[in-house]
Amino acid sequence: MNNPAVTVPYPTAAQAAPLVSVIVPTYNTEKFLDQALSSIEAQTLPDFEIICLNDGSTDGSLAIMQEHAARDPRIHIIDKQNEGYGASCNRGLEEARGEYIAIVEPDDWIEPEMFAHMLKYAQGFDETIDIIKTPYW
């Protein structure tokens with residue numbers, strides 16, 4: 001597949017770019033994906049997009065993405081052939097329109113204020129911050 005299908009249309013160029021683009025590279029994670037996407041959607045920071053990349057999953061991952069996208073217009077789905085984690089992240093980076101990029105693993109979840117806290121921290125520096133890494137447990 002040379003030009004993978006985008007199953008949910010991307011916003012037009014005329015629409016403002018979001019502050020954060022969240023990339024969710026997914027391969028066969030149906031057991032965890034609903035919780036991961038729900039935690040992203042619940043962020044207190046309102047200005048972000050979610051780019052879900054289905055990397056040729058053979059389970060119900062794509063259907064879960066589609067259910068979330070039907071409820072949340074910030075979600076964009078790229079359904080592509082299996083190329084591996086790195087290729088999926090790179091495709092997400094190509095599609096991202098945000099000033100900041102976040103990658104959330106589909107078998108993880110995040111606290112509701114994570115992006116808001118990270119941006120506040122980053123904006124507290126005089127220079128541009130390239131990477132912010134969060135603690136996990």
Side-chain angles (χ1 to χ4, degrees):
M1 205 182 317
N2 290 337
N3 291 320
V6 176
T7 49
V8 176
Y10 271 68
T12 65
Q15 291 175 307
L19 184 59
V20 177
S21 293
V22 183
I23 298 169
V24 185
T26 303
Y27 178 75
N28 288 347
T29 57
E30 71 179 354
K31 288 173 56 177
F32 313 104
L33 186 57
D34 182 61
Q35 182 180 25
L37 292 177
S38 293
S39 75
I40 298 167
E41 291 172 277
Q43 291 299 294
T44 59
L45 179 81
D47 189 14
F48 64 93
E49 67 180 349
I50 305 167
I51 303 169
C52 293
L53 294 109
N54 182 48
D55 191 32
S57 294
T58 57
D59 65 359
S61 295
L62 179 59
I64 293 166
M65 291 176 186
Q66 291 168 332
E67 289 170 13
H68 280 265
R71 297 187 304 257
D72 192 329
R74 299 173 297 184
I75 297 177
H76 314 291
I77 301 170
I78 298 171
D79 184 20
K80 62 184 208 55
Q81 70 183 14
N82 181 266
E83 298 173 294
Y85 178 81
S88 292
C89 287
N90 287 339
R91 177 67 189 275
L93 291 169
E94 290 171 7
E95 301 292 338
R97 300 176 310 119
E99 181 178 343
Y100 296 93
I101 305 291
I103 298 174
V104 176
E105 304 299 331
D107 59 349
D108 293 339
W109 70 92
I110 57 178
E111 296 293 329
E113 295 182 341
M114 186 178 112
F115 293 145
H117 287 306
M118 288 177 69
L119 288 173
K120 182 178 179 182
Y121 179 76
Q123 293 166 348
F125 291 87
D126 291 332
E127 64 275 356
T128 301
I129 300 300
D130 292 328
I131 297 175
I132 299 174
K133 186 169 180 173
T134 62
Y136 61 92
W137 58 90

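Only this structure's heavy atoms are used, side chains among them; waters, hydrogens and symmetry mates stay out.
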* **Separation of Ile132 CD1 from Phe125 CZ (nearest 0.5 Å)** => 7.5 Å

* Can you name the closest pair of heavy atoms from Ile129 and Ala122 and give their distance? -> CG1-O, 3.7 Å

* Could you walk me through whether Lys80 and Ser88 pass the side chain to side chain contact (heavy atoms under 4.5 Å, CB included) test, one step at a time? => CA-CA 9 Å; Lys80 62 184 208 55; Ser88 292; 3.2 Å; yes

* Can you hop from Leu45 to Ile40 via hydrophobic side chains spaced under 4.5 Å? -> yes

* Asked: Side chains of Phe48 and Leu19: does their closest heavy-atom pair fall under 4.5 Å?
  -> no

* Donor-acceptor pair between His68 and Glu41 side chains, under 3.5 angstrom -> yes

* Structure fact -> One should read off an interatomic distance between Asn54 CG and Gln81 CD, to the nearest 0.5 angstrom, of 12.0 Å

* Do Phe32 and Met65 share a hydrophobic cluster (ILVMFWY, side-chain heavy atoms under 4.5 Å, transitive)? -> no

* Please name the pair of heavy atoms, one in Pro46 and one in Arg74, separated by the smallest distance, quoted to 0.1 Å. => O-NH1, 4.0 Å

* Asked: When rounded to the nearest 0.5 angstrom, what is the spacing between CG in Asp79 and CG in Asp55?
  -> 9.5 Å

* Structure fact -> On a heavy-atom basis, the closest approach of Ala69 and Ile77 is CB-CD1, 3.8 Å

* Report yes if the side chains of Val22 and Phe115 come closer than 4.5 Å at any heavy-atom pair, otherwise no. => yes

* Out of curiosity, Thr58 OG1 to Asn82 CG, how far, rounded to the nearest 0.5 Å? -> 9.0 Å

* Do Gln43 and Ile110 come close enough that some side-chain heavy atom pair is under 4.5 Å? -> yes

* Asked: Rounded to the nearest 0.5 Å, how far does CG of Asn28 lie from CG of Asp107?
  -> 12.0 Å

* **Non-hydrogen side-chain atoms of Ile64 and Thr29 separated by less than 4.5 Å** => no

* Asked: Where do Tyr27 and Ser57 come nearest, in terms of heavy atoms and distance?
  -> CA-OG, 3.3 Å

* To do: Write down the atom of Ser61, the atom of Glu30, and the distance for their closest heavy-atom approach.
  => OG-N, 3.3 Å

* Asked: What distance do Ile75 atom CD1 and Ile51 atom CD1 have between them, rounded to the nearest 0.5 Å?
  -> 11.5 Å

* **Taking every non-hydrogen atom, the tightest pair across Ile101 and Ala96** => CD1-CB, 3.4 Å

* Is there a side-chain contact between Tyr85 and Ile103, using heavy atoms and a 4.5 Å cut-off? -> yes

